[in-house]
2 protein chains.
Amino acid sequence: MATGRTHRPATRSRGIPEATVARLPLYLRALTALSERSVPTVSSEELAAAAGVNSAKLRKDFSYLGSYGTRGVGYDVEYLVYQISRELGLTQDWPVVIVGIGNLGAALANYGGFASRGFRVAALIDADPAMAGKPVAGIPVQHTDELESIITDNGVSIGVIATPAGAAQQVCDRLVAAGVTSILNFAPTVLTVPDGVDVRKVDLSIELQILAFHEQRKAGEEATAERAVAAPAAPRKQSATDQGPDGDVPAVMPA
Amino acid sequence: MATGRTHRPATRSRGIPEATVARLPLYLRALTALSERSVPTVSSEELAAAAGVNSAKLRKDFSYLGSYGTRGVGYDVEYLVYQISRELGLTQDWPVVIVGIGNLGAALANYGGFASRGFRVAALIDADPAMAGKPVAGIPVQHTDELESIITDNGVSIGVIATPAGAAQQVCDRLVAAGVTSILNFAPTVLTVPDGVDVRKVDLSIELQILAFHEQRKAGEEATAERAVAAPAAPRKQSATDQGPDGDVPAVMPA
DNA sequence: ATGTCTTTGTGAACGCGTGCACAAAGATTG
DNA sequence: CAATCTTTGTGCACGCGTTCACAAAGACAT
C-alpha cells in the first residue's frame, strides 16, 4: 500500500470505521465493472473475490451503510453503486487543483481516474513562470501567484501537492489559508496542518522500502546461516563511554 | 495514506510488526535530514515531531530493533540511520524494473527518491514498439518481449507496474513467472499473485475518494438540516417485490 | 560519590479491525 | 403452503496496534 493517513486519528464518522471507508472505493470499482457488464446482482462472495477481500469483511462493511442486500440473492449492483457513491460523496462534483506540474503533476493531470469519479481538475498551478499558459492535459498551467484566487473562485476544497519536498509545506500553508481542507500529498515531507484539515500522503519511496524489507526477509530465510556470521543474533550498541572495537558495528559510527 | 497492503496478512517478520516496518522509512527520512545538518543526537520527542508521529510509538518501534538509545540523551543519529537502513535492507542495491512508460511511468523513472535509497532503475519496459530505444530519464525503453531476459539477467526481484489496468494482471503474471517476488502496483486493479509474492498498491483515485468522504462529512456537519430534507435519517431499500415510488431513491434503481 | 534531572524502554490497559460461525430472512421448489 | 436451500447480517472472540504512565538507566552537576 502506498498510502497512510496522517494526523486525524480515525474520525469514525457517523459510525463508519475508517478501515471500511478505505475499502469502499475498492468495492465501488468492482461494482462499476459489473455494472458495465450489465450484471444485475452479485453475492458477497463474488464481489469480495473481485475486490480482493474477505467476504465476511465485505458484508460487515456494507452493514455499516445499511441493509442493502437480499438474503438468498445478494446485492443489487446498480443500487449498491449508487449507495456507495453517495456515501463517499461522489454524487457531487469535486473541483481539484494540482500544484507542481513536473513529471508527476503532469501524470496526475492526465490520469483518467479522476474525471470518472466525480473529480474535476479545476486548475494546474506551477511556480515556474515559463510553464504559465502552457497546456498540460488540455488545461493551461497557471502561476502560483494566482493560487488564492483560483481556490476561492472555483470553491476548491481538495488540493493535490506534487511539488518538490522543499516547497510542499509552503504550498500547503497557502492552500489551507485559501480554504482547502483536504490535501493529497505526493511530496516526501511531513506536512503540518491545522485541525480540521485532512492530509493523505502517497510516498513512492516509502512503498519501495517496505517491499525491500520483505524482500530481504525472504532472501534471509533461505540462508539464515550467512546472517548468523555477518551479524550476531542480539547486536548491541556499545556504550558511549566504552568505545572499544566492535565487529557488528558499521563503518559509520556515533562520535 | 495512499497505500494498502494486499494479500499477505501481516507477516510479523522476526517480531517486527508490520505497522512499525511501515514507519521505519519515515524515521529514516527524518534522520537523514538531521544527519545532513550534522545533528549528532536526537530525542524521541524531537524525532517523533519531525516524523509526524507520537513519541511513545516511536520509542516502541525502536524497541523492536533493539536498545539503540541512551537514556537522558536520546538516539545517535548516524548510528540509527545505519540500523534502520540495515533493517530495511537498504544497505544493499535493489535493481528495479518499471513496466509501462506512460506519463506515470516516466514520472517514476525520473523520481529521484529511488536512487537515493538503494534502488536502481535497471530497466524501463513498454509494450509500444514505437517507444523502444527512446530514452526516458536517460534510460532507453525496452520492449515487453525482453521482459523475461531483463529480469533474469539483472537479478531483479522488485517490479513496478504502471500500465493501464487492462494489462496489469498479464504483466504481473510475467514478472512473477520470471522471478519477481515484490510488486508495486499503480494500475487500478486487484492483482492476483501466488503465495510468497508481495504486492503493494498505490491508487490515486482511491485516495481522492477517501478525502471526498471526509470532505463531505465536514460539509454535512455544518448543515445537517439540509440533509434531513434531502434524505431521511434511515433510508431503506425497498423490497424487490414492492416497487412503489420513493423520494429517497436515486434515478438509477434496481430492476 | 551522591543526588538530581532527563530520557529511554516497556508493562499494562484499551480500542479497533478481522474472521468465524450461525441464526434469521427470503427466494425457490414441489 | 411447507420444506429446502441460499445468502445476508451480526454476535462474539481474538489479536494487533496505540497510548499511558512509570520504573530504570544513565548523564551531569555539586
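A, B, ... follow the sequence lines: proteins, then strands. Residue 1 opens every chain. Quick note: numbers below take in every heavy atom, side chains included, and nothing from hydrogens, waters or symmetry partners.
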>> Quiz question: by atom type and distance under 3.5 Å, do the side chains of A:E36 and A:T32 form a donor-acceptor pair?
In response: no
> Is any side-chain nitrogen or oxygen of B:K60 closer than 4.0 Å to OP1 or OP2 of C:dT10?
Replying inline: no
> Of all of residues 36-45 of chain A, which get a heavy atom below 4.0 angstrom from DNA chain D, listed by number?
Replying inline: A:S43, A:S44
>> As a quick check of understanding, evaluate side chain to side chain contact (heavy atoms under 4.5 Å, CB included) for B:I158 and B:V180, giving each step before the final call.
In response: CA-CA 6 Å; B:I158 300 179; B:V180 166; 5.8 Å; no
>> Just N and O in the side chain of B:Y64: are any of them under 4.0 Å from OP1 or OP2 of D:dG17?
In response: no
>> If you only use heavy atoms from C-beta on, which nucleotide in D:dT19, C:dA27, D:dT7 is closest to the side chain of A:R71?
In response: D:dT7
> Taking the side chain of A:N54 as its heavy atoms from C-beta onward, which of C:dA21, C:dG19, C:dT8 lies nearest to it?
Replying inline: C:dG19
> Taking the side chain of B:Y75 as its heavy atoms from C-beta onward, which of D:dG9, D:dA21, C:dG9 lies nearest to it?
Replying inline: C:dG9
>> Please report the distance, rounded to the nearest Å, between CZ in A:R59 and P in D:dG11.
In response: 14 Å
> Just how far, in rounded Å, is C1' of C:dT18 from CD of B:E18?
Replying inline: 16 Å
>> On DNA chain C, does the nearest nucleotide to B:D61 precede the nearest nucleotide to A:K57 from the 5' side, or the other way round? Give the residue.
In response: B:D61
> Roughly how many Å is it from CG in B:L58 to P in D:dT19, rounded to a whole number?
Replying inline: 12 Å
> Do A:R59 and A:S44 have side-chain N/O donor and acceptor atoms under 3.5 Å apart?
Replying inline: yes
> Does CD in B:Q92 sit with more than 12 non-hydrogen atoms of other residues, nucleotides or ligands closer than 6.0 Å?
Replying inline: yes
> Are A:Y68 and A:F62 near enough that their ring centres are under 6.0 Å apart?
Replying inline: no
>> In this structure, how many angstroms lie between the P atom of C:dT7 and the CG atom of B:D76, rounded?
In response: 16 Å
> Are B:E78 and B:Y82 close enough that a side-chain donor and a side-chain acceptor fall under 3.5 Å?
Replying inline: no
Output a table of donor-acceptor pairs, distance under 3.5 Å, between side-chain atoms of residues 181-188 of chain B and any protein atom two or more places apart or on a different chain; print 'none' if there are none.
unit_1	atom_1	unit_2	atom_2	d
B:T181	OG1	A:E215	OE1	3.0
B:T181	OG1	A:E215	OE2	2.4
B:S182	OG	A:E215	OE1	2.3
B:N185	OD1	B:A187	N	2.9
B:N185	ND2	B:A187	O	3.1
B:N185	ND2	B:T189	O	3.2

>> Does C:dT18 have its OP1 or OP2 closer than 4.0 Å to a side-chain nitrogen or oxygen of A:R23?
In response: yes
>> If you only use heavy atoms from C-beta on, which nucleotide in C:dG26, D:dA27, D:dC20 is closest to the side chain of A:T70?
In response: C:dG26
